[in-house]
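Index from 1, following the sequence.
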Amino acid sequence: VQLQASGGGLVQAGGSLRLSCEVSGISFSTHDMAWFHLPPGKQYGLVASIASDGRTAYADSVKGRFTISRDNAKKIVYLQLNNLNLEDTGLYFCNSRRGIYTWGQGTLVTVSS
């Protein structure tokens with residue numbers, strides 16, 4: 001299984017980014033997928049998930065700002081990050097909703113003031 005996240009970068013507070021995660025090695029369309037956030041010096045947490053049927057769920061801290069989506073044909077899960085703030089800085093990873101697969105390298109988001 002490979003989980004290749006990309007799209008991170010340096011952005012000013014209030015800015016936007018779109019993260020992508022290319023998934024291979026699993027039956028993507030049948031999996032509930034999620035994005036996880038690892039802030040500097042803190043534990044990782046789930047920020048958004050999308051079920052195989054398209055239902056979405058978000059951490060309270062990102063509701064109204066982040067949007068998760070998926071393209072089953074391309075086997076990609078996306079995370080649109082809007083109105084970024086300093087607390088959004090960190091590594092972002094995708095995985096199954098339960099985080100059962102080997103973690104990829106993630107993609108780094110740095111929000112500056």
Min side-chain heavy-atom separation [X]-[Y] under 4.5 Å:
{"X": "N85", "Y": "V111", "result": "no"}
{"X": "F93", "Y": "L38", "result": "yes"}
{"X": "S16", "Y": "L81", "result": "no"}
{"X": "Y101", "Y": "L3", "result": "yes"}
{"X": "T110", "Y": "V11", "result": "no"}
{"X": "T89", "Y": "L84", "result": "no"}

So, taking the atom named [atom1] in [X] and the one named [atom2] in [Y], what distance separates them when rounded to the nearest 0.5 Å?
{"X": "T107", "Y": "Q4", "atom1": "OG1", "atom2": "CD", "answer": "9.0 Å"}
{"X": "L91", "Y": "Y44", "atom1": "CG", "atom2": "OH", "answer": "14.0 Å"}
{"X": "L46", "Y": "W35", "atom1": "CG", "atom2": "CH2", "answer": "12.0 Å"}
{"X": "K75", "Y": "M33", "atom1": "NZ", "atom2": "CE", "answer": "11.5 Å"}
{"X": "L79", "Y": "S20", "atom1": "CG", "atom2": "OG", "answer": "9.5 Å"}
{"X": "N95", "Y": "D32", "atom1": "CG", "atom2": "CG", "answer": "12.0 Å"}

Open item on the list: Whether the side chain of H37 engages the backbone of Q43 through a donor-acceptor N/O pair (distance < 3.5 Å, no angle test) should be reported.
Closed with: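 No: the side chain of H37 does not pair with the backbone of Q43.
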TODO: Measure from NZ or CZ of R70 to the centre of the six-membered ring of Y78 and say whether it is under 6.0 Å with the direction within 45° of the ring axis.
DONE: no
In terms of hydrophobic clusters joined by side-chain contacts under 4.5 Å, are [X] and [Y] together?
{"X": "L17", "Y": "L86", "value": "yes"}
{"X": "V109", "Y": "V62", "value": "yes"}
{"X": "L19", "Y": "F66", "value": "yes"}
{"X": "V47", "Y": "L108", "value": "no"}
{"X": "W103", "Y": "V1", "value": "no"}

- [ ] Please report the shortest heavy-atom distance between V23 and C94, naming the atom on each side.
- [x] CG2-SG, 4.4 Å
Task: Least distance between heavy atoms, F28 atom then N72 atom - done: CE2-OD1, 3.2 Å
TODO: Any pair with a residue in residues 50-68 that passes side chain to side chain donor-acceptor pair (under 3.5 Å), sequence neighbours left out, goes on the list, sorted by first then second residue, please.
DONE: D53-R55, D60-K63, R65-D88
